[in-house]
Amino acid sequence: MIEASLPHPVARGGAPTVEFIGATKRFGTLTALDDVSIKVRPGSVHALLGENGAGKSTLVKCLVGFYAADAGQVMFDGREVAIRNPHDAGALGIGMVYQHFTLVPSMTAAENLVLARGDLPFRIDWASERSRLAEFMARMPIRVPLDKPVGALAAGEKQRLEILKQLYLKRRLVILDEPTSVLTIEEADEALGLMRDMAHRGEITVIIITHKFREVMAFADRVSVLRRGALVGEREVADSSPDDLAELMIGTRAIRTAAAKAPVETGAVLLEAAELDAADDSGHPAVRRASFRVRGGEILGIAGVSGNGQRELIECLLGQRAPTGGSVRVKGRPYGATRREMQQHRVFSLPEMPLRNACVPGMSVADNMALRNFDRAPLSRGPFLKRRALREQARRLIESFSVKTPSPEAPIQDLSGGNVQRAVLARELSSEVDVLIAANPVFGLDFAAVAAIHGRIVAARNRGAAVLLVSEDLDELLDLADQVLVMFEGAIVYRSAIADADIGAIGRHMAGHAGAGTPA
């Protein structure tokens, strides 16, 4: 076995071959990887697909040295290697672009690139380093303003910098972990197109973890599908369809079917924001004169790259942040999101990260499911809580919404992310709903959970509810929404009916570029 830290032929340039043979990894009684064997061809883009918990991240973490497999081998350029830590992975030329940025915001792009090397002298010769950077950038097909602080860069520029960092470090195998979650469609296509082109020129090999079939079909050469820690199939992308891949992932083709929106005549305006302003946690303007209306029987989608005021907007609507200007009205009346107003107007919500924002983690599933109605019959009699009725309600909701839990008394924090969201969904949609506010309701969930939650959201709309859906996934909005708005730097900069929406214009407005389309 070759030690990764020793110089040997695999450290030279060119796209490497990578192979897992019988990779197995256990965490206690959980088998996260079960005898997985995958070969990644040199100069290719190889996609890893699978539901949450399928083993994708565990597999690549064994490759970058965060985990050590309990059994199996890693072959690199035809030789077995021992990757004991991230330093060993770097010595082989293996690098990873993570879902969230790993940059120092206060430093310039140039400083981030140079300091990533890890082999710097006590005193840095910046003239020499800048010359080296200029030579490197002259060979790169993408550009980033090197003298600009990272904190001032747009999301797309930061992602390009993350990719440039791996190339500057002379990585030969680049792993992309959900790399486009904070990018517009145009920025995502640019980043993935760059990696594909470099791979096809034989400069690097790429492994991509993604949940977006569009990206697999457009940019990958081959795909491996994992389910419950096991490899269940491999395909050439050219010979595959999204339905084929969905069937491998979850055992059914129907799961990718979009939720069916019934033809519904829209009703009165049920939720309205007028010239709404709000500040972020630092007191800086985050929402700027945002105005919109949501009618009954309609899903209004709000698109935007993360960090453009969506979180602050939702918190204003849910009563978690006081607006600094403007107003919110529900059914034509001023609305302050008090518990009494929520009950009176039947306003419910599916917030992002529900375990943190919609649950009491240490309380049981049954208790969390009763947070909306614990003080009303049949769960209470005067000041006394009826525990039997509470448990019966929980069992009914658990069955109806397919929540997987050991028992109603299990702490909700012990459930998987998808089941926490199902439990919140059961609580919020188990009674009549007039207004539903959902923020990234399926972020990080597997495909089965996504389909179930989307179906429930559309069902609420079909019954006449007004639904506000804020999502960073444009595909989700295009599937579910009737109308779409775009937020950029806190302002509504684009609006259109979905049937008339220009995807290119949506992307340009998300990135802050003027373009064709209907202005706000």
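Only this structure's heavy atoms are used, side chains among them; waters, hydrogens and symmetry mates stay out. Start at 1 with the first residue, then count along the sequence.
- Salt bridge R333/E341: absent, no basic N to carboxylate O contact under 4.0 Å.
- Under a 4.0 Å N-O distance rule, the pair E236/R41 qualifies as a salt bridge.
- Summarising the local packing, CD of E399 is surrounded by 12 or fewer heavy atoms from other residues, nucleotides or ligands at distances under 6.0 Å.
- A distance-only check finds a donor-acceptor pair linking the side chain of S471 to the backbone of D473 [under 3.5 Å].
- Rounded to the nearest 0.5 angstrom, I299 CD1 and L480 CG are separated by 5.5 Å.
- The two residues V420 and C359 make their nearest non-hydrogen contact at CG1-SG, 4.1 Å.
- Here the shortest heavy-atom pairing between D280 and A286 reads N-CB, 3.7 Å.
- Heavy atoms of other residues, nucleotides or ligands lying less than 6.0 angstrom from CZ of R289 number 12 at most.
- Expressed to the nearest 0.5 Å, how far CG of L313 lies from CG of N308 amounts to 12.0 Å.
- The closest donor-acceptor contact from the side chain of Q421 to the backbone of P441 lies under 3.5 Å.
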_For L415 and L355: C-alpha separation, side-chain torsions, deciding distance, then whether side chain to side chain contact (heavy atoms under 4.5 Å, CB included) applies._
CA-CA 10 Å; L415 273 59; L355 189 61; over 6 Å; no

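- For E275 (side chain) and S327 (main-chain N/O), no donor-acceptor pair under 3.5 Å exists by modelled atom type.
- More than 12 non-hydrogen atoms from other residues, nucleotides or ligands lie less than 6.0 angstrom from CZ of R376.
- Atoms CG and CD1, on L425 and I457 in that order, are 7.0 Å from each other to the nearest 0.5 Å.
- A salt bridge links R387 with D367: the closest approach of a Lys/Arg side-chain nitrogen to an acidic carboxylate oxygen falls below 4.0 angstrom.
- A distance of 8.5 Å separates CE of M369 from CD of Q393, quoted to the nearest 0.5 Å.
- A salt bridge between R235 and D244 is absent, with no side-chain N of the basic residue lying under 4.0 Å from a carboxylate O of the acidic one.
- Between R196 and D189, none of the side-chain N atoms (NZ, or NE/NH1/NH2) sits under 4.0 Å from a carboxylate O, so this pair counts as no salt bridge.
- Counting heavy atoms of neighbouring residues, nucleotides and ligands inside a 6.0 Å radius, atom CD1 of I503 does not exceed 12 of them.
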*Does the side chain to side chain contact (heavy atoms under 4.5 Å, CB included) test come out yes or no for C316 and V287, once each step is laid out?*
CA-CA 10 Å; C316 286; V287 180; 5.6 Å; no

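- To the nearest 0.5 Å, the span separating CG on D281 from CD on E315 amounts to 7.0 Å.
- In terms of modelled atom types and a separation under 3.5 Å, the side chain of S44 and the main chain of H46 share no donor-acceptor contact.
- Within 6.0 Å of CZ in R339 there are more than 12 heavy atoms belonging to other residues, nucleotides or ligands.
- With values rounded to the nearest 0.5 angstrom, M195 atom CE is found 11.5 Å from H200 atom NE2.
- Around CD of E432, the count of heavy atoms belonging to other residues, nucleotides or ligands within 6.0 Å does not exceed 12.
- Between P285 and R288, the closest heavy-atom pair is O-NH2, 3.7 Å.
- The backbone N or O of R329 lies less than 3.5 Å from no partner atom in the side chain of E272, so there is not a single donor-acceptor pair.
- A donor-acceptor pair under 3.5 Å is absent between the side-chain atoms of R422 and the main chain of I398, judged by distance alone.
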*With side chain to side chain contact (heavy atoms under 4.5 Å, CB included) as the test, would you mind laying out the steps for L48 and I38 before giving the verdict?*
CA-CA 10 Å; L48 295 180; I38 294 174; 4.1 Å; yes

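- The cationic atom of R456 (NZ for Lys, CZ for Arg) lies less than 6.0 Å from the six-membered ring centre of F401 and within 45° of the ring axis.
- Applying the 6.0 Å contact sphere to CZ of R293 captures no more than 12 heavy atoms from other residues, nucleotides or ligands.
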_Working for side chain to side chain contact (heavy atoms under 4.5 Å, CB included), residues L63 and I207_ = CA-CA 11 Å; L63 194 55; I207 297 175; 4.0 Å; yes

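- Across all their heavy atoms, V144 and E157 have their closest contact at CG2-O, 3.8 Å.
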